[in-house]
Amino acid sequence: MSVLDVKNLSVQYQTENGASEIIKDISFKVEKGEIAGLVGESGSGKSTAMLAVMGLLGERAVIRSDQITVGGEKPVPGKNVAMIFQDSLSCLNPSVKIGRQIRETVRARRKCSRKEAAARAEELLDMVGIRNPAFRMGQYPFELSGGMRQRVVLAIALACEPELIIADEPTTALDALVQAQILLLFKRIVRETETSMLLVSHDM
(Lines give C-alpha, C1' and ligand atoms only; values in the text may rest on other atoms or scores of the structure.)
Protein backbone atom coordinates (compact mmCIF):
# COMPACT_ATOMS: atom_id res chain seq x y z
CA MET A 1 0.00 0.00 0.00
CA SER A 2 1.28 3.48 -0.88
CA VAL A 3 1.67 5.96 1.95
CA LEU A 4 0.11 8.74 -0.15
CA ASP A 5 -2.34 7.92 -2.91
CA VAL A 6 -4.00 10.72 -4.89
CA LYS A 7 -6.27 9.83 -7.81
CA ASN A 8 -7.89 12.26 -10.26
CA LEU A 9 -7.59 15.37 -8.11
CA SER A 10 -9.24 18.50 -9.50
CA VAL A 11 -9.56 21.92 -7.89
CA GLN A 12 -11.81 24.79 -8.97
CA TYR A 13 -12.32 28.24 -7.46
CA GLN A 14 -15.66 29.98 -7.61
CA THR A 15 -15.28 33.53 -8.91
CA GLU A 16 -17.65 36.30 -9.96
CA ASN A 17 -17.18 35.15 -13.55
CA GLY A 18 -17.87 31.51 -12.78
CA ALA A 19 -15.68 28.51 -11.97
CA SER A 20 -11.92 28.71 -12.60
CA GLU A 21 -10.19 25.33 -12.85
CA ILE A 22 -6.71 25.31 -11.32
CA ILE A 23 -5.95 21.58 -11.39
CA LYS A 24 -7.56 18.89 -13.51
CA ASP A 25 -7.41 15.14 -12.90
CA ILE A 26 -3.88 14.74 -11.52
CA SER A 27 -2.79 11.51 -9.86
CA PHE A 28 0.37 10.65 -7.93
CA LYS A 29 1.56 8.43 -5.10
CA VAL A 30 4.41 8.15 -2.60
CA GLU A 31 5.66 4.81 -1.32
CA LYS A 32 6.83 4.07 2.24
CA GLY A 33 10.30 5.41 2.98
CA GLU A 34 10.45 7.16 -0.40
CA ILE A 35 11.30 10.72 -1.40
CA ALA A 36 9.11 11.58 -4.37
CA GLY A 37 9.24 14.81 -6.36
CA LEU A 38 6.46 16.93 -7.80
CA VAL A 39 7.94 19.44 -10.25
CA GLY A 40 6.22 22.22 -12.17
CA GLU A 41 6.71 25.83 -13.13
CA SER A 42 5.58 28.64 -10.84
CA GLY A 43 1.81 29.09 -10.96
CA SER A 44 1.14 25.56 -12.23
CA GLY A 45 -0.91 24.62 -9.15
CA LYS A 46 1.63 22.59 -7.16
CA SER A 47 0.96 24.33 -3.84
CA THR A 48 -2.78 24.26 -4.48
CA ALA A 49 -2.59 20.49 -4.95
CA MET A 50 -0.66 20.08 -1.69
CA LEU A 51 -3.10 22.25 0.26
CA ALA A 52 -5.95 20.21 -1.22
CA VAL A 53 -4.29 17.02 0.01
CA MET A 54 -3.92 18.59 3.45
CA GLY A 55 -7.53 19.84 3.44
CA LEU A 56 -6.34 23.41 3.96
CA LEU A 57 -7.97 25.21 1.02
CA GLY A 58 -10.62 27.81 1.73
CA GLU A 59 -14.36 27.54 1.29
CA ARG A 60 -14.25 28.96 -2.25
CA ALA A 61 -12.30 25.93 -3.45
CA VAL A 62 -14.22 23.00 -4.92
CA ILE A 63 -12.15 19.83 -4.57
CA ARG A 64 -12.98 16.64 -6.44
CA SER A 65 -11.06 13.38 -6.39
CA ASP A 66 -11.51 9.64 -6.58
CA GLN A 67 -9.10 9.15 -3.69
CA ILE A 68 -6.86 11.10 -1.31
CA THR A 69 -5.44 8.88 1.41
CA VAL A 70 -2.40 8.68 3.67
CA GLY A 71 -1.77 5.14 4.83
CA GLY A 72 -5.23 4.21 3.58
CA GLU A 73 -6.92 6.88 5.72
CA LYS A 74 -8.06 10.48 5.31
CA PRO A 75 -5.14 12.94 5.67
CA VAL A 76 -5.15 14.61 9.09
CA PRO A 77 -2.63 17.48 9.40
CA GLY A 78 -0.48 17.13 12.51
CA LYS A 79 -1.27 13.43 12.78
CA ASN A 80 -0.55 11.27 9.72
CA VAL A 81 0.74 14.11 7.52
CA ALA A 82 2.77 17.28 8.14
CA MET A 83 3.82 20.08 5.82
CA ILE A 84 6.90 22.27 5.53
CA PHE A 85 6.52 25.58 3.70
CA GLN A 86 8.94 27.80 1.80
CA ASP A 87 8.98 30.62 4.37
CA SER A 88 10.04 29.03 7.64
CA LEU A 89 9.78 32.33 9.52
CA SER A 90 6.06 32.62 8.76
CA CYS A 91 5.54 29.06 10.07
CA LEU A 92 6.97 29.85 13.50
CA ASN A 93 5.48 32.04 16.22
CA PRO A 94 7.92 34.97 16.52
CA SER A 95 7.02 35.62 20.16
CA VAL A 96 7.50 32.03 21.39
CA LYS A 97 10.84 30.33 21.99
CA ILE A 98 11.81 27.43 19.77
CA GLY A 99 11.79 24.88 22.57
CA ARG A 100 8.24 25.66 23.62
CA GLN A 101 6.95 25.43 20.05
CA ILE A 102 8.41 21.95 19.65
CA ARG A 103 7.35 20.83 23.14
CA GLU A 104 3.75 21.84 22.51
CA THR A 105 3.71 19.83 19.28
CA VAL A 106 5.16 16.80 21.07
CA ARG A 107 2.56 17.01 23.84
CA ALA A 108 -0.25 17.43 21.32
CA ARG A 109 0.84 14.15 19.71
CA ARG A 110 1.92 12.18 22.79
CA LYS A 111 0.62 11.90 26.31
CA CYS A 112 3.73 12.91 28.21
CA SER A 113 5.03 15.27 30.88
CA ARG A 114 6.64 18.63 30.17
CA LYS A 115 10.02 17.15 31.08
CA GLU A 116 9.57 14.27 28.67
CA ALA A 117 8.40 16.66 25.95
CA ALA A 118 11.46 18.87 26.52
CA ALA A 119 13.77 15.86 26.24
CA ARG A 120 12.04 14.82 23.01
CA ALA A 121 12.29 18.37 21.63
CA GLU A 122 16.03 18.41 22.31
CA GLU A 123 16.36 14.99 20.67
CA LEU A 124 14.52 16.21 17.56
CA LEU A 125 16.71 19.31 17.25
CA ASP A 126 19.78 17.11 17.48
CA MET A 127 18.27 14.77 14.85
CA VAL A 128 17.87 17.60 12.36
CA GLY A 129 21.47 18.71 12.84
CA ILE A 130 21.19 21.69 15.17
CA ARG A 131 24.24 21.94 17.40
CA ASN A 132 23.80 22.71 21.11
CA PRO A 133 20.04 22.06 20.98
CA ALA A 134 19.52 22.85 24.67
CA PHE A 135 20.77 26.41 24.06
CA ARG A 136 18.79 26.83 20.83
CA MET A 137 15.58 25.84 22.58
CA GLY A 138 15.81 29.06 24.56
CA GLN A 139 16.02 31.24 21.44
CA TYR A 140 13.35 32.94 19.36
CA PRO A 141 12.94 32.28 15.61
CA PHE A 142 14.40 35.65 14.57
CA GLU A 143 17.64 34.74 16.35
CA LEU A 144 18.23 31.83 13.98
CA SER A 145 19.46 31.77 10.38
CA GLY A 146 17.13 30.72 7.55
CA GLY A 147 18.72 27.29 7.34
CA MET A 148 18.39 26.73 11.08
CA ARG A 149 14.75 27.81 11.05
CA GLN A 150 14.05 25.33 8.26
CA ARG A 151 15.63 22.62 10.43
CA VAL A 152 13.40 23.68 13.34
CA VAL A 153 10.32 23.46 11.11
CA LEU A 154 11.41 19.94 10.10
CA ALA A 155 11.82 19.07 13.80
CA ILE A 156 8.25 20.25 14.46
CA ALA A 157 7.00 18.19 11.52
CA LEU A 158 8.79 15.12 12.90
CA ALA A 159 7.29 15.81 16.33
CA CYS A 160 3.90 15.04 14.75
CA GLU A 161 5.21 11.52 13.98
CA PRO A 162 3.57 11.60 10.52
CA GLU A 163 3.65 8.91 7.89
CA LEU A 164 4.26 11.60 5.27
CA ILE A 165 5.95 15.01 5.20
CA ILE A 166 5.11 17.37 2.34
CA ALA A 167 7.90 19.89 1.70
CA ASP A 168 6.65 22.74 -0.49
CA GLU A 169 9.59 24.67 -2.01
CA PRO A 170 11.56 24.17 1.24
CA THR A 171 14.91 25.43 -0.10
CA THR A 172 13.87 28.29 -2.40
CA ALA A 173 14.60 31.03 0.16
CA LEU A 174 18.03 29.59 1.08
CA ASP A 175 21.44 30.09 -0.51
CA ALA A 176 22.96 27.31 -2.62
CA LEU A 177 25.18 25.82 0.10
CA VAL A 178 22.38 25.67 2.67
CA GLN A 179 20.01 24.24 0.02
CA ALA A 180 22.38 21.32 -0.49
CA GLN A 181 22.66 20.78 3.28
CA ILE A 182 18.89 20.74 3.73
CA LEU A 183 18.37 18.28 0.86
CA LEU A 184 21.00 15.94 2.34
CA LEU A 185 19.26 16.30 5.71
CA PHE A 186 15.93 15.28 4.16
CA LYS A 187 17.55 12.16 2.68
CA ARG A 188 19.07 11.21 6.03
CA ILE A 189 15.84 11.78 7.97
CA VAL A 190 13.83 9.65 5.52
CA ARG A 191 16.42 6.89 5.72
CA GLU A 192 16.58 6.94 9.54
CA THR A 193 12.87 7.37 10.32
CA GLU A 194 11.26 5.69 7.27
CA THR A 195 8.98 8.72 7.02
CA SER A 196 7.94 9.29 3.42
CA MET A 197 8.46 12.71 1.83
CA LEU A 198 6.93 14.54 -1.10
CA LEU A 199 9.28 17.30 -2.25
CA VAL A 200 7.55 20.01 -4.29
CA SER A 201 9.63 22.40 -6.39
CA HIS A 202 9.83 24.44 -9.58
CA ASP A 203 13.56 23.66 -9.78
CA MET A 204 14.39 20.30 -11.33
Side-chain angles (χ1 to χ4, degrees), residues 1-93 105 141 146 149-174 179 182-183 185-187 189-190 195-204:
M1 178 187 295
S2 302
V3 171
L4 173 66
D5 206 336
V6 177
K7 295 180 180 178
N8 298 322
L9 171 64
S10 297
V11 178
Q12 291 182 342
Y13 279 101
Q14 298 299 328
T15 69
E16 294 179 355
N17 299 320
S20 175
E21 192 165 55
I22 308 300
I23 299 168
K24 183 177 181 180
D25 294 334
I26 65 169
S27 301
F28 52 92
K29 60 176 59 179
V30 182
E31 303 296 336
K32 182 174 177 60
E34 177 186 43
I35 299 178
L38 182 64
V39 183
E41 62 186 15
S42 297
S44 61
K46 303 184 303 297
S47 295
T48 297
M50 296 306 99
L51 292 173
V53 168
M54 297 285 288
L56 298 178
L57 290 178
E59 294 181 356
R60 290 197 306 139
V62 178
I63 303 170
R64 296 186 179 89
S65 69
D66 293 336
Q67 181 178 346
I68 302 178
T69 56
V70 174
E73 299 180 354
K74 180 181 178 181
V76 180
K79 185 177 180 181
N80 58 5
V81 60
M83 193 165 180
I84 299 172
F85 295 92
Q86 176 179 332
D87 184 5
S88 57
L89 192 58
S90 68
C91 299
L92 299 168
N93 189 327
T105 306
R149 286 196 298 268
Q150 200 62 285
R151 291 172 187 266
V152 169
V153 171
L154 176 58
I156 292 174
L158 290 169
C160 299
E161 301 179 11
E163 295 181 61
L164 172 74
I165 294 175
I166 297 174
D168 188 8
E169 302 278 9
T171 62
T172 300
L174 308 175
Q179 284 183 9
I182 294 297
L183 291 174
L185 172 63
F186 287 164
K187 290 176 69 175
I189 291 297
V190 168
T195 302
S196 300
M197 180 171 288
L198 179 57
L199 185 61
V200 182
S201 179
H202 70 277
D203 186 351
M204 183 68 80

| task | Evaluate the side chain to side chain contact (heavy atoms under 4.5 Å, CB included) criterion for residues F186 and I165: first the C-alpha distance (whole Å), next the side-chain angles of each, then the deciding distance (0.1 Å), finally the verdict. | result | CA-CA 10 Å; F186 287 164; I165 294 175; over 6 Å; no
| task | Give the intermediate values and the outcome of side chain to side chain contact (heavy atoms under 4.5 Å, CB included) for residues L38 and L199. | result | CA-CA 6 Å; L38 182 64; L199 185 61; over 6 Å; no
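- Applying the side chain to side chain donor-acceptor pair (under 3.5 Å) definition to pairs two or more places apart or across chains, those involving residues 33-51 are S47-D168.
- Under the side-chain contact (heavy atoms from CB on, under 4.5 Å) criterion, Q12 pairs with Q14, A19, E21, V62, R64, sequence neighbours left out.
- By the side chain to side chain donor-acceptor pair (under 3.5 Å) test, T172 is found to be paired with E169, residues two or more places apart in sequence or in another chain being considered.
- Once rounded to the nearest 0.5 Å, the distance linking CD1 of I35 with CG of L183 reads 8.5 Å.
- The minimum heavy-atom distance between M197 and V30, with the atom names listed, is O-CG1, 4.0 Å.
- Across every non-hydrogen atom of S88 and G146, the tightest pair is OG-O, 4.0 Å.
- Partners of S201 by side chain to side chain donor-acceptor pair (under 3.5 Å), not counting sequence neighbours: none found.
- Listed here is the closest heavy atom pair of L174 and Q179: O-NE2, 2.9 Å.
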Donor-acceptor contacts under 3.5 Å from residues 80-87 side chains, at least two apart:
residue: N80; atom: OD1; partner: V76; partner atom: N; Å: 2.7
residue: N80; atom: ND2; partner: K74; partner atom: O; Å: 3.1
residue: D87; atom: OD1; partner: L89; partner atom: N; Å: 3.2

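- Every side chain to side chain donor-acceptor pair (under 3.5 Å) that S2 has, sequence neighbours left out, goes to E31.
- Minimum interatomic distance between V3 and K32 (heavy atoms only, all atoms of both residues): CG2-CA, 3.4 Å.
- Inter-residue side-chain proximity for K29 and L4 is flagged as unmet; no heavy-atom pair is nearer than 4.5 Å.
- Counting only N and O atoms by type, the side chains of N8 and D25 include no donor and acceptor under 3.5 Å apart.
- Contacts of L9 classified as side-chain contact (heavy atoms from CB on, under 4.5 Å), with partners at least two apart in sequence or in another chain: V6, V11, I26, A49, A52, I63, S65, I68.
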| query | Please walk me through it: do D5 and F28 pass side chain to side chain contact (heavy atoms under 4.5 Å, CB included)? | reply | CA-CA 6 Å; D5 206 336; F28 52 92; over 6 Å; no
Donor-acceptor contacts, no H, no angles, side chain residues 149-163, under 3.5 Å, sequence neighbours left out:
residue: R149; atom: NH1; partner: L144; partner atom: O; Å: 2.7
residue: Q150; atom: NE2; partner: P170; partner atom: O; Å: 2.6
residue: R151; atom: NH1; partner: V128; partner atom: O; Å: 2.7
residue: E161; atom: OE2; partner: R110; partner atom: NE; Å: 2.4
residue: E161; atom: OE2; partner: R110; partner atom: NH2; Å: 3.0

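- Put simply, the side chain of S10 does not reach to within 4.5 Å of the side chain of I23, judged on heavy atoms.
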